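Working notes, structure below.
Every value quoted in this text rests on a predicted model; they were computed, and no experiment measured them.
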Amino acid sequence: MPRQLRPVGPDFVESAPVRLVYEREVSASPEAVFHALAEDVPGWPEWFSAVTLARTSDNGGRREIRLRVGARFEETVLTARASEVYAYRVDTANVPGLWALAEEWRLTPAGTGTRVRWTFAVDGNAPFRLVVRAARGGLGRAFRQAAVALDRRLAR
């Protein structure tokens, strides 16, 4: 059953009790990557294999996300600066022990491509925080695979 999470702002990605940060360079431009992240939300399942459904509402200000593991999220977009940063927080989730979650995708030019930095910031009860820390490697693999798949998709 979905539960209301603590509302957090964009600064939570810097102050969360658990922060996982991953980076990868892709050959696509920051404009193309931002478009895929923020404007083609329904396309997320095509490049991020953990995502089974992604859709927006409220003129792109809200998102509904479903993951392959059964997690469901209702989210609010916190920041959407074209070609620079896309961040959102989870408002409701069906994940036990989760109190707050925000993600930030920061884009910086890297030669002719883009350096993508994904920050996964969470707070939760002690067992939840332990599980997230233990999942660091798996989340990193998921991010790397998603970045490669996104880059391939944008190259087409």
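- Under the 4.5 Å side-chain heavy-atom criterion for grouping Ile, Leu, Val, Met, Phe, Trp and Tyr, Val131 is not connected to Val69 through any hydrophobic cluster.
- Contact of the Glu25 side chain with the Val116 side chain is not registered, since no non-hydrogen atoms from C-beta on lie closer than 4.5 Å.
- Although no hydrogens or angles enter the test, the distance criterion places no donor-acceptor pair under 3.5 Å between the side chain of Thr92 and the main chain of Gln4.
- Screening residues 87-102 for salt bridge (Lys or Arg N to Asp or Glu O under 4.0 Å) gives Arg62-Asp91, Arg89-Asp91 as the qualifying pairs, with residues at least two apart or on separate chains.
- Atom CG of Asn59 sits in a sparse spot, with 12 or fewer heavy atoms from other residues, nucleotides or ligands closer than 6.0 Å.
- Residues Val26 and Leu150 fail the side-chain proximity criterion, which asks for heavy atoms closer than 4.5 Å.
- For Arg141, the CZ atom sits in a loose shell: 12 or fewer heavy atoms of surrounding residues, nucleotides or ligands are nearer than 6.0 Å.
- The shortest side-chain heavy-atom distance between Glu74 and Pro2 does not fall under the 4.5 Å cut-off.
- The distance from atom CG of Leu67 to atom CZ of Phe48, rounded to the nearest 0.5 Å, is 8.0 Å.
- The minimum heavy-atom distance linking Ala102 with Val8 is given by the pair CB-CG2, 4.1 Å.
- The closest side-chain heavy-atom distance from Thr114 to Thr108 is not below 4.5 Å.
- For the pair Glu31/Val33, no side-chain contact is recorded, criterion being any heavy-atom separation below 4.5 Å from C-beta on.
- By the 4.5 Å heavy-atom criterion applied to side chains, Val21 and Arg117 are counted as neighbours.
- Side-chain atoms of Asp151 do not come within 3.5 Å of backbone N or O of Ala146 as any donor-acceptor pair.
- A heavy-atom distance below 4.5 Å is found between the side chains of Thr119 and Arg19.
- In terms of heavy atoms, Val77 sits closest to Gly60 at CG2-O, 3.3 Å.
- The number of heavy-atom neighbours closer than 6.0 Å to CZ of Arg152, taken from other residues, nucleotides and ligands shown, is 12 or below.
- Distance alone, capped at 3.5 Å, places no donor-acceptor pair between the Arg153 side chain and the Glu46 backbone.
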- Task: In sequence, state the C-alpha distance, the side-chain angles, and the governing distance for Arg106 and Glu84, and then conclude on salt bridge (charged side-chain N to carboxylate O under 4.0 Å, His left out).
- Result: CA-CA 6 Å; Arg106 189 159 294 273; Glu84 293 179 25; 5.6 Å; no
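- Note: the hydrophobic cluster containing Val13 does not contain Leu5 (ILVMFWY, side chain heavy atoms under 4.5 Å, direct or indirect links).
- Within the model, atoms CH2 of Trp105 and OH of Tyr22 stand 11.5 Å from one another, a figure rounded to the nearest 0.5 Å.
- The minimum heavy-atom distance between Gly113 and Pro30, with the atom names listed, is O-CD, 3.9 Å.
- Shown are Glu104, Glu103, Glu23; of these, the side chain to side chain donor-acceptor pair (under 3.5 Å) with Trp118 is made only by Glu103.
- Using a 4.5 Å heavy-atom threshold, the side chains of Glu64 and Leu53 count as touching.
- Closest heavy-atom contact between Arg144 and Gly137: NH2-O, 4.5 Å.
- One N or O on the side chain of Asn125 and one on the backbone of Phe128 form a donor-acceptor pair closer than 3.5 Å.
- Expressed to the nearest 0.5 Å, how far CZ of Phe73 lies from CD1 of Ile65 amounts to 9.0 Å.
- When all heavy atoms of Ala54 and Trp44 are compared, the pair lying nearest together is CB-CB, 4.0 Å.
- Here the CG atom belonging to Leu154 is positioned 8.0 Å from the OG atom belonging to Ser27, to the nearest 0.5 angstrom.
- If you take CG on Asp123 and CZ on Phe12, they are separated by 5.0 Å, rounding to the nearest 0.5 Å.
- The hydrophobic cluster containing Val18 also contains Leu139, counting ILVMFWY residues as joined when their side-chain heavy atoms lie under 4.5 angstrom apart, directly or transitively.
- Under the 4.5 Å side-chain heavy-atom criterion for grouping Ile, Leu, Val, Met, Phe, Trp and Tyr, Val85 is not connected to Leu37 through any hydrophobic cluster.
- A donor-acceptor pair under 3.5 Å links the side-chain atoms of Arg3 to the main chain of Leu98, judged by distance alone.
- With hydrogens and angles disregarded, no donor-acceptor distance shorter than 3.5 Å links the side chain of Arg115 to the backbone of Ala110.
- Cluster annotation: Leu101 and Trp99 are assigned to distinct hydrophobic clusters (Ile/Leu/Val/Met/Phe/Trp/Tyr, side-chain heavy-atom contacts under 4.5 Å, transitive).
- When all heavy atoms of Arg24 and Val148 are compared, the pair lying nearest together is NH2-CG2, 3.5 Å.
- With a 6.0 Å cutoff to the six-membered ring centre and a 45° limit on the axis angle, Arg63 counts as a cation-pi contact of Tyr88.
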